[in-house]
Amino acid sequence: MSRRRRFSASDRSEYLQALVTEFQDTDSEEAREQVLANLANFSYDPRNVEDLKRLQVTELFLDMLTEESDNLVEFGIGGLCNLSADRDCCDQIVQSGGVELVTGCLSSRREETVLSAIGTLMNLAVTDTRPLASCDAVLQCMLRFSLSRSPRLRNLAIVFLMDCCTQEQVEQAKQQLQGHTQTALGIPLPEASDSGS
Amino acid sequence: MDGAGASSVWSTPEVQKHHEQQSVCHTRPTYREGRRPKAVKVYTINLESRYLMVQGVPAIGVMSELVQLFALYGVIEEYRVLDEYPAEQFTEVYLIRLQKIQSARAAKRNLDERSFFGGLLHVCYAPEYETVEDTREKLLDRRRYVAWSLHNKEATMGQTALETQKSIEACVEGDRSDFSSFRYPLLPPPPQERFPPYSEQTLVKFTAGEDNMGSKYHFMDSSEQPPPFTVQKPSYHENTLRRGALPAARFIPRTTHLENRKRKAEEASKTLFSGIGGKCETLIGPKLPEPPKLDMEDNSLNITAGLIRNTMKKISSVPEHKSTEKKSAEKPRRRI
């Protein structure tokens with residue numbers, strides 16, 4: 001991060017282009033993971049957003065959500081969580097039908113993936129796409145997460161319920177949850193994060 | 001919901017996956033190799049936090065040194081030892097809450113893997129200690145910052161501190177749901193309103209020059225007025241004394257150590273260097289808490305407790321005497 005200033009805008013753009021090209025060309029699973037992690041981390045800095053949009057990295061991240069490798073999914077949704085702070089990226093996700101893919105990550109076994117998915121949905125919900133991002137299934141999921149043992153998951157879910165939907169929606173979801181307890185219980189919680197080994 | 005969390009989160013340490021140091025990746029081609037070896041990992045705002053966990057601190061009573069080191073990167077609001085957190089032998093784990101997430105970011109980057117009194121520090125974010133309100137603020141700040149930087153690409157950085165301050169106020173009062181309308185140059189507005197002047201006096205002012213973070217919002221950060229309650233800068237000496245007023249429970253693991261130190265100082269002063277020994281003692285850490293006078297409400301129990309205490313004292317003092325005798329021959333090192 002400290003060397004950011006040494007690169008001009010065109011250097012930056014070329015470098016990102018090189019990353020995307022390597023990601024598409026390489027056959028090595030390891031290299032794919034590394035480059036994907038690079039791109040996801042670059043998405044954090046708003047300065048890269050323009051270039052990443054031009055390179056259609058949003059699509060690239062969305063593609064990763066259907067991969068079998070847990071790592072690729074985690075890095076992909078992490079990248080979306082970072083990039084979706086930008087409004088255009090949110091639009092892109094919605095246009096590509098990516099909301100379902102993101103929602104699907106809520107049932108991941110990895111806590112980090114679930115957290116990134118919630119983060120992405122929050123970013124979606126504060127733009128115009130609120131109805132899509134805060135549908136009943138998502139809200140029920142958040143209600144469940146808000147009772148989780150993991151403080152990070154719990155906090156994030158509570159913030160979602162506070163900021164990203166209306167009180168009526170929450171009430172409605174609560175009632176539905178009470179009506180059909182079993183459907184909501186079907187959603188697995190992410191594995192406990194305290195794996196000391 | 002969040003109010004109750006504040007006290008409980010500070011008391012339930014658990015080993016989380018993101019606390020562990022991941023193995024460094026050595027298989028990157030040169031064009032993707034950074035200056036520092038790094039693991040393959042994606043950071044999101046969820047993983048960042050102004051709470052830092054510091055592992056691998058040698059258990060030799062260097063709390064004030066550690067806190068001073070971290071205070072180089074920003075205002076510290078609170079810190080404590082995580083006694084219950086599983087630590088390696090002879091090391092301690094600390095939890096440090098900085099005022100701003102940028103400070104935490106800079107501290108983590110610069111102090112992770114730093115050697116410190118013979119140990120190697122491992123610094124990681126500890127977002128699980130956040131309250132709901134912490135998390136909420138963090139996310140809001142991130143969104144505001146992104147919205148701001150996207151809409152002010154060509155904004156110059158030459159704003160005066162006053163303008164910065166004004167725009168912060170504007171954003172705090174503004175409607176939070178519409179981020180596109182924000183026009184101000186700072187990531188997190190200082191959370192002053194949430195932190196009334198601390199009675200605990202754990203604040204340490206940002207004294208040294210700023211780090212070379214090179215990020216935009218850090219630059220803005222440095223132009224900002226320090227929040228009013230940190231203006232009075234406690235000197236090191238005051239600071240250590242004040243810390244003695246903190247709840248004694250925090251220092252329990254160090255009492256034996258402090259006792260030993262005191263004894264050493266006394267030894268030294270007895271033999272040759274009475275002046276130095278005396279000085280040393282005042283310099284170091286919090287005052288030793290009075291030995292607890294427990295009344296077991298039963299005479300025989302009191303006698304037994306007294307016996308046990310005396311025995312413990314004898315046992316713990318024997319090896320210590322030996323080492324100090326050896327040392328007393330040469331000039332004791334002066335602590336600075």
Side-chain angles (χ1 to χ4, degrees), chain A residues 1-6 15 18-19 22 28 30-31 33-41 43-47 49-50 71 74-79 81-82 85-88 110-112 115-116 118-120 122-123 126-127 146 150-152 154-156 158-159 162-163 192-196, chain B residues 1-2 5 8-9 12 14-20 25 27-29 31-32 34-35 38-49 86 105 109-110 127-136 138-140 142-143 145-150 153 176-180 211-216:
Chain A
M1 261 163 130
S2 56
R3 54 175 189 167
R4 274 183 195 165
R5 288 228 172 120
R6 299 195 318 195
Y15 187 80
L19 284 179
E22 187 188 349
S28 152
E30 201 181 2
E33 279 185 16
Q34 290 167 10
V35 176
L36 186 63
N38 283 153
L39 287 170
N41 282 321
S43 307
Y44 186 88
D45 189 342
R47 260 185 285 183
V49 166
E50 277 308 315
N71 277 344
E74 181 184 327
F75 297 163
I77 191 72
C81 179
N82 284 338
D86 174 52
R87 212 169 251 250
D88 295 339
R110 286 205 188 180
E111 189 180 33
E112 216 55 58
L115 291 169
S116 295
I118 300 176
T120 312
M122 283 173 132
N123 285 332
V126 294
T127 60
S146 68
S150 154
R152 293 173 70 202
R154 191 173 57 226
N155 284 353
L156 208 57
I158 293 172
V159 175
M162 277 159 75
D163 289 353
S193 58
D194 51 343
S195 55
Chain B
M1 239 168 188
D2 48 332
S8 64
V9 285
T12 52
E14 263 181 68
V15 182
Q16 308 256 338
K17 221 179 209 163
H18 63 265
H19 295 167
E20 290 166 30
C25 169
T27 56
R28 290 190 180 104
Y31 96 100
R32 286 197 271 109
R35 277 197 298 191
K38 297 229 165 112
V40 180
K41 189 170 183 178
V42 172
Y43 276 94
T44 64
I45 189 67
N46 296 324
L47 204 51
E48 288 190 310
S49 178
R105 211 177 278 151
R109 185 167 52 252
N110 290 304
E128 62 279 2
Y129 288 96
E130 288 174 350
T131 62
V132 173
E133 204 46 43
D134 283 332
T135 309
R136 194 174 180 214
K138 178 177 83 172
L139 291 168
L140 277 174
R142 159 86 181 147
R143 255 180 249 141
Y145 169 68
V146 173
W148 170 80
S149 62
L150 288 177
K153 282 241 164 84
R176 282 177 165 179
S177 60
D178 185 13
F179 297 104
S180 61
D211 61 299
N212 49 356
M213 217 177 151
S215 73
K216 197 197 269 173

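The figures that follow rest on heavy atoms only: side chains count, while hydrogens, waters and symmetry mates do not. Residue numbering restarts at 1 for every chain, and letters A, B, ... go by the order of the sequence lines. What you are looking at is a predicted structure, and each value in this text was computed from that prediction instead of being measured.
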Among the options B:Leu47, B:Asn46, B:Thr135, pick out the one with the most heavy-atom pairs lying under 4.5 Å from chain A.
-> B:Asn46
Of the backbone (N, CA, C, O) and the side chain (C-beta and beyond), which part of A:Gln34 lies under 4.5 Å from a heavy atom of chain B, both, or neither?
-> both
Atom group of A:Ile118 that falls short of 4.5 Å from chain B, counting heavy atoms | neither
Chain B shares the most heavy-atom pairs under 4.5 Å, among A:Asn71, A:Leu156, A:Leu36, A:Leu39, with A:Leu156
Would you mind reporting whether B:Val40 and B:Arg28 have side-chain heavy atoms less than 4.5 Å apart?
-> yes
Mind checking whether B:Ile45 and B:Lys138 have side chains closer than 4.5 Å, heavy atoms only?
-> yes
Which portion of B:Leu139 sits near chain A, non-hydrogen atoms under 4.5 angstrom = side chain
Is the closest side-chain heavy-atom distance between B:Tyr129 and B:Asp134 below 4.5 Å?
-> no
Measure distances from A:Glu74 to the heavy atoms of chain B and classify the residue's part below 4.5 Å as side chain, backbone, both or neither.
-> neither
Against chain B, label A:Ser28 side chain, backbone, both or neither, depending on which of its atoms sit under 4.5 Å from a heavy atom there.
-> neither
Salt bridge (charged side-chain N to carboxylate O under 4.0 Å, His left out) assessment of B:Glu48 paired with B:Arg105 | CA-CA 8 Å; B:Glu48 288 190 310; B:Arg105 211 177 278 151; 2.9 Å; yes
Pick one of side chain, backbone, both or neither for A:Asn38, based on which atoms fall under 4.5 Å of a heavy atom in chain B.
-> side chain
Flag the pair B:Glu128 and A:Arg154 as a salt bridge only when some basic side-chain nitrogen lies within less than 4.0 angstrom of an acidic carboxylate oxygen.
-> no
